[in-house]
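As the structure is a computational prediction, the values presented were derived from the model and not from experiment.
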Amino acid sequence: MFTIGDLQRNVDLGLQLIVGGNRARTAEIARAEVLQLGRLPAAEHRAVLLLTSGLPEGAGPGGAEALVAAAKAAGAVGIVHTLAAGADQPPEAMVAAAGAADLPLLSAPADSSLRAIKDAVNERVARSELVLYQQLLALQSSLIAAVSTPDPTDSLLRRLGALVNSTVILYYPDGRLLAATGDGPASVIWQRIDKSSQERQQFTVGQWHVVASLINGPEEAHRWIVLARRGHPTSQEIVSQLITTVEQLLDVIALSRRAAANEEALQRADVLQRLVSNNGYEKFGWDHVRRFGFEPHGPCFVAAIALPNWSQRRLDPDLHSQQLRDVTQILRGLISNSSSPHLVGSHEGVAVVVLQCSDSRLIDESVRVLRARELQASAGIGRRVASLDLIGNSYRDARLALTRSLHRTADGPAVQRFEDFAVADIAVSTADEDQLIRRSHDLLAKIEGSEHLLETLIVYMENDLSINDTANVLNIHPNSVRYRIGRAEELIGGSLRSLPTIVDVFLAVQVIARNRAGSAFTFHEDRTGHANAALG
């Protein structure tokens, strides 16, 4: 930074400040230019020191005023006027015009070379800029080093405050404090910021000189960063450059955090899929999930979450994948706010959560939030287990409970739990699935080809073997139900009045119903390759 005061202290130039006083001495000079005799500055000359030998002979009245007005309008920092031979100050008209316009006016000896003054000024400005750039590089290096600290945002703001001896304040868009490094009047400053302006703002609040800048970063739009300093303000060149550097580093920190969060989410989703499918747990054990906060021993359970249309036979794969990503992302945000160790991802076309805690109400709350966002989600919660090799069982329980939740009545609960299962449900969920499915199909093979018979049998079992209730559900005559049940008994080869036959058929119907509902979640992934793509 090179000022008029610095220029005046150069005794070799012999310049005297005629108009401006002490305030003019702090004005920064960007460069110096020589005006041709009598010519007015026509282009932008912001912070430029204009050098002139005066007005041409015979210039009419108002010439000095015109020169000063043009310099002021062009943004010049001041005028240097060479004295006429024998004169001790510039013409009175020019002094009066400069005073009226509040534009610094300096005089140079009559024998001065304007070109020599110009070269001297520009050389000093260049040297001053080099020193400034070297200083900025050192300051920026210190700020950049903050990014590698454990708490980069706090470290960055504190280093900035120390470098420019200022309070640094970071505001959320609504004015809440994100961070503050000193005792600056944060609430008063926030009231003074013009939120409608996109430009960097400068103002004073009492003894505080304030610079406020809007940040539009990748993490959160419209944050405000403020530098507030008591006494005299810091060089605007330094402040401007440092704020720009900090804004860029905050963006880097935000992107780094987002990348780290995405990487961790993918790692959690991968571990989750391996656990719920019982694939590879022997290889990594509890140590592999310890980094996510899981303890070696403690109750874990699995929750499966889906939307009603996900169980439909005809489903748009792209729509399902997008919905699955949205639901998984929302769940990840909700569950991460809890203190419980967790994994969130997707498996076999539904969103899946693994939680290590004894209270499953977090799933109820998550379903309520999803429904508040017009995502009519349902959830199934599996049994609590204490070893990794049983998490797959908890997942199967959750899927069975989810199937029941998706097919609940309008006033039924949106979340079904393993604790609510009947003994038959538990028997179905814990048995060898392949054997159970094969035996169930063997028993019902002759009626599976008839949708009417199978549907009637399923409803008949669900309605406690009541002919009339089954007829009402199917909207057919009770005699039609009797005929279909009789026909089913013939094909099965056993009476549905016999308790062993009733138990066998009931369990077989449960297995087939569950298998059908489960396959409805995954049929489109099998065809399109989206099985594990929707990780959120």
Would you say the side-chain atoms of [X] and [Y] include a donor-acceptor pair closer than 3.5 Å?
X	Y	result
Gln356	Ser340	no
Arg399	Tyr395	yes
Thr456	Arg484	yes
Arg417	Ser360	yes

Carefully, step by step, assess Arg384 and Ser394 under the rule side chain to side chain contact (heavy atoms under 4.5 Å, CB included).
CA-CA 7 Å; Arg384 290 171 177 80; Ser394 182; over 6 Å; no
When you compare the side chain of [Y] with that of [X], does any pair of heavy atoms fall below 4.5 Å?
X	Y	result
Val211	Ile225	no
Leu214	Ile193	no
Leu272	Val302	no
Asn463	Asn472	no
Trp224	Trp190	yes
Leu334	Glu365	no
Thr153	Arg257	yes
His342	Ser336	yes

Taking only residues two or more places apart in sequence or in another chain, which ones pass side chain to side chain contact (heavy atoms under 4.5 Å, CB included) with Leu249?
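By the side chain to side chain contact (heavy atoms under 4.5 Å, CB included) rule, Leu249 matches Leu143, Ile144, Val147, Leu156, Thr245.
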Would you say Arg200 has more than 12 foreign heavy atoms packed within less than 6.0 Å of its CZ?
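Yes, CZ of Arg200 has more than 12 neighbouring heavy atoms, counting only those of other groups under 6.0 Å.
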Atom CZ of residue position Phe203 - does it have more than 12 heavy atoms of other residues, nucleotides or ligands inside 6.0 Å?
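Atom CZ in Phe203 is packed in, count exceeds 12.
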Looking at Asp154 and Arg158, does any basic side-chain N land under 4.0 Å from a carboxylate oxygen?
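Salt bridge: yes.
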Does anything in residues 466-482 form a salt bridge (Lys or Arg N to Asp or Glu O under 4.0 Å)? List the pairs, not counting sequence neighbours.
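Residue pairs with at least one partner in residues 466-482: there are none.
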Applying salt bridge (Lys or Arg N to Asp or Glu O under 4.0 Å), which residue pairs with at least one partner in residues 179-199 are found, sequence neighbours left out?
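Listed by first then second residue: Asp183-Arg230.
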Locate the shortest heavy-atom distance separating [X] from [Y]; write the atom from each residue and the value.
X	Y	result
Val210	Ala228	CG2-CB, 4.2 Å
Ala414	Val367	CB-CG1, 4.1 Å
Thr149	Ala145	CG2-O, 4.0 Å
Leu444	Ala508	CD1-CB, 3.8 Å
Arg371	Ala377	NE-O, 2.9 Å
Ser346	Thr328	CB-OG1, 4.4 Å

For [Y], does its backbone N or O pair with a side-chain atom of [X] as donor and acceptor, under 3.5 Å?
X	Y	value
Thr204	Gly206	no
His347	Val276	no
Ser256	Val252	no
Ser366	Leu362	yes
Gln201	Ala212	no
Asp359	Arg361	yes
Asp270	Leu266	no
Arg176	Tyr171	no
Asn165	Gly161	no
Thr181	Val168	yes

Mind checking the [atom1]-[atom2] spacing from [X] to [Y]? Nearest 0.5 Å is all I need.
X	Y	atom1	atom2	result
Thr470	Asn475	OG1	CG	13.0 Å
Ile502	Met461	CD1	CE	6.5 Å
Leu227	Gln202	CG	CD	11.0 Å
His477	Asn468	NE2	CG	9.5 Å
Cys357	Ile363	SG	CD1	8.0 Å
Leu242	Ser142	CG	OG	10.0 Å

Honestly, is Arg290 close enough over Phe294, meaning NZ or CZ under 6.0 Å from the six-membered ring centre and within 45° of the axis?
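Geometry flag: not set, cation outside 6.0 Å or 45°.
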Candidate pair Leu275 and Val289, rule side chain to side chain contact (heavy atoms under 4.5 Å, CB included), full reasoning
CA-CA 10 Å; Leu275 287 175; Val289 295; 4.2 Å; yes
Ser450 and side-chain contact (heavy atoms from CB on, under 4.5 Å): which single residue from Leu453, Ile447, Leu454 fits?
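When Leu453, Ile447, Leu454 are each tested with Ser450, the side-chain contact (heavy atoms from CB on, under 4.5 Å) holds only for Leu453.
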